[in-house]
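Below: one structure, written as structure tokens.
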Amino acid sequence: MDSPAGSETYTTLKITQHNSRAAVFHLYLTLPNHNALSPTFFFEFPRALSSLSLNPRAAVIVLSSLNSPHFSSGIDVSSLNSIVPSSSDDRGRLGENLRRQIKSLQDAITAIERCRKPVIAAISGACVGGGVDLVTACDLRYCSEDAYFAVKEVDLGIVADLGTLQRLPGIVGYGHAVEMAVTGRRVGALEAKEMGLVSRVFEGRRELEEGVRGIAEGIAAKSPLAVTGTKAVLLKSRELTPEQGLDYVATWNSSMLLSDDLKEAVSAFQQKRKPKFAKL
């Protein structure tokens with residue numbers, strides 16, 4: 001059933017909750033040209049994620065394509081003209097304006113990490129350019145056998161600047177990231193699994209949808225305090241030394257550990273039943 005996270009309506013996205021008994025919300029890309037990412041998308045996407053992040057009925061978000069067989073063909077090339085400034089003698093002001101626009105696009109992608117709830121990417125078909133920016137910011141990635149990935153910005157004569165170069169090395173390793181970024185070649189589903197870009201490959205799109213839905217519902221049944229806390233600590237730990245990370249999680253748990261979720265988890269274990277946690 002359609003279940004919008006708030007009063008907002010979107011032209012490039014659709015929010016749906018298929019099972020009212022599971023706190024899983026599906027965030028679908030609905031753009032033309034195989035989900036070519038437009039300026040409108042970059043405006044709507046962070047707002048949709050913020051709404052879902054604050055929605056107590058949402059515990060997990062699944063990001064995928066609705067109508068197109070492809071996850072995303074990347075940024076809408078025709079929209080690049082709108083961010084290329086008109087001619088001017090003041091290169092300083094042109095550069096400052098362009099930097100602000102790039103930072104705004106970056107911020108839209110980083111909204112995935114700012115979202116308290118885990119975001120799962122379910123990828124079929126092409127995942128190119130800006131699509132790779134999206135999925136590398138997600139917490140979990142799964143794909144179908146027909147999926148392929150390509151960092152294509154180099155073929156457009158630009159340096160990828162929306163997050164792939166910063167996030168991909170931490171996922172697949174520096175060597176794989178460099179090779180993908182400078183060659184722009186396609187990486188198929190099985191190779192993506194081998195290098196760690198995706199956690200699992202499903203046979204087809206239907207199997208992908210069903211498999212990811214099961215994974216998402218399993219996560220949604222767990223303690224929301226534990227799940228959101230785990231995401232927050234993992235993201236923060238990327239910029240900390242192990243010692244600093246341990247200190248951070250100790251501080252985190254000192255304020256979050258003694259919760260009703262812990263009591264319910266222990267009680268359910270002792271009584272051999274499934275725990276029931278309050279919404280967050």
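Sequential numbering from 1 along the given sequence is applied to the chain's residues.
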Quiz prompt | More than 12 heavy atoms from other groups under 6.0 Å of NZ on Lys222 | solution = no
Quiz item: Heavy-atom count around Asn33 CG within 6.0 Å, excluding the residue itself: above 12?
Solution: no
Exercise. Scan side-chain atoms only and decide if Ser65 and Asn35 contain a donor-acceptor pair under the 3.5 Å cut-off.
Key: yes
Exercise. Take Arg57 and Gln17 through the test side-chain contact (heavy atoms from CB on, under 4.5 Å) and record every step on the way to the result.
Key: CA-CA 10 Å; Arg57 293 185 297 126; Gln17 184 183 22; 3.5 Å; yes
Quiz item: Between the side chains of Gln106 and Thr110, does any donor sit under 3.5 Å from an acceptor?
Solution: no
Practice problem: Under the side-chain contact (heavy atoms from CB on, under 4.5 Å) rule, what do Leu140 and Val212 come out as? Steps first, then yes or no, please. | Solution: CA-CA 10 Å; Leu140 295 167; Val212 169; over 6 Å; no
Quiz item: Going by distance alone, is a donor N or O of one side chain under 3.5 Å from an acceptor N or O of the other, for Asp146 and Ser144?
Solution: yes
Quiz item: Does Glu209 pair with Arg213 as a salt bridge, N-O distance under 4.0 Å?
Solution: no
Self-check item: Neighbour count >12 (heavy atoms, 6.0 Å) for atom CD, Gln271
Solution: yes
Practice problem: For Thr30 and Leu13, indicate whether the former's side chain and the latter's backbone hold a donor-acceptor pair under 3.5 Å. | Solution: yes
Exercise. Using modelled atom types only, decide if a donor and an acceptor are shared between the side chain of Ser237 and the backbone of Val233 within a distance under 3.5 Å.
Key: yes
Quiz item: Which heavy atom in Ala216 sits nearest to a heavy atom in Val60, and how many Å separate them?
Solution: O-CG2, 3.6 Å
Quiz item: In the single-linkage hydrophobic clustering (I, L, V, M, F, W, Y; side-chain heavy atoms under 4.5 Å), do Leu63 and Tyr142 co-cluster?
Solution: no
Quiz item: Do Ser267 side-chain atoms and Lys263 backbone N/O form a donor-acceptor pair below 3.5 Å?
Solution: no
Quiz item: If only atom types and distance count, is the side chain of Ser104 paired as donor or acceptor with the main-chain N or O of Gln101 below 3.5 Å?
Solution: no
Practice problem: Test side-chain hydrogen bond (donor to acceptor under 3.5 Å, both in side chains) on Asp133 and Thr164 and set out the steps. | Solution: CA-CA 5 Å; Asp133 291 317; Thr164 290; 2.5 Å; yes
Self-check item: Residues Glu264, Arg273; criterion salt bridge (Lys or Arg N to Asp or Glu O under 4.0 Å); working and verdict
Solution: CA-CA 10 Å; Glu264 171 61 14; Arg273 61 173 174 82; 2.7 Å; yes
Exercise. Starting from the C-alpha separation in whole Å, work towards a yes-or-no answer on side-chain contact (heavy atoms from CB on, under 4.5 Å) for Met195 and Met180.
Key: CA-CA 11 Å; Met195 65 172 62; Met180 288 182 67; 3.9 Å; yes
Quiz prompt | Linked, directly or transitively: Tyr148 and Leu29 (ILVMFWY side chains, under 4.5 Å) | solution = no
Quiz item: Under 6.0 Å from the CZ atom of Arg206, do we count more than 12 heavy atoms belonging to anything else shown?
Solution: no
Exercise. Would you indicate whether Arg114, at its atom CZ, is surrounded by more than 12 heavy atoms from other residues, nucleotides or ligands within a distance under 6.0 Å?
Key: yes
Quiz item: Can you get from Ile61 to Ile215 by hopping between Ile, Leu, Val, Met, Phe, Trp and Tyr side chains that sit under 4.5 Å apart?
Solution: no
Practice problem: Please name the pair of heavy atoms, one in Met256 and one in Leu225, separated by the smallest distance, quoted to 0.1 Å. | Solution: SD-CD2, 4.4 Å
Exercise. Please report the closest heavy-atom contact between Ser64 and Ala122, naming both atoms and the distance.
Key: CB-O, 3.4 Å
Quiz item: Which residues pass the side chain to side chain contact (heavy atoms under 4.5 Å, CB included) test with Thr228, sequence neighbours left out?
Solution: Arg116, Lys117, Leu280
Exercise. Classify the ring geometry between Tyr248 and Trp252 as parallel (under 30°), tilted (30 to 60°) or perpendicular (over 60°).
Key: tilted
Self-check item: Pair Glu217 + Arg21, salt bridge at N-O below 4.0 Å
Solution: no
Quiz item: Any sub-3.5 Å donor-acceptor pair from Thr16's side-chain atoms to His18's backbone N or O?
Solution: no
Quiz item: Do Val24 and Val62 pass the side-chain contact (heavy atoms from CB on, under 4.5 Å) test, and can you show the C-alpha distance, the side-chain angles, and the key distance before you say yes or no?
Solution: CA-CA 7 Å; Val24 176; Val62 177; 4.0 Å; yes
Practice problem: Determine whether Ile123 and Ile219 fall in the same hydrophobic cluster, where Ile, Leu, Val, Met, Phe, Trp and Tyr are linked whenever their side-chain heavy atoms lie under 4.5 Å apart. | Solution: no
Self-check item: Any donor-acceptor N/O pair, Glu44 side chain to Thr11 backbone, under 3.5 Å
Solution: yes
Quiz item: Between the main-chain N or O of Val135 and the side-chain N or O of Arg141, is there a donor-acceptor pair closer than 3.5 Å?
Solution: yes
Quiz item: Counting distance only, does the side-chain N/O of Ser73 pair as donor-acceptor with the main-chain N or O of His34 below 3.5 Å?
Solution: yes
Self-check item: Minimum heavy-atom distance between Cys143 and Phe149, given as atom pair plus value
Solution: CB-CZ, 4.3 Å
Quiz prompt | Any donor-acceptor N/O pair, Ser124 side chain to Ala147 backbone, under 3.5 Å | solution = no
Quiz prompt | Connected via hydrophobic side-chain network under 4.5 Å: Val172 and Val132 | solution = yes
Quiz item: Salt bridge or not for Arg238 and Glu113, using N-O below 4.0 Å?
Solution: yes
Quiz item: Would you call Arg100 and Glu96 a salt bridge, taking side-chain N to carboxylate O under 4.0 Å as the test?
Solution: yes
Quiz item: Looking only at atom types and distance, does a side-chain atom of Glu207 sit under 3.5 Å from a main-chain N or O of Gly204, one as donor and one as acceptor?
Solution: yes
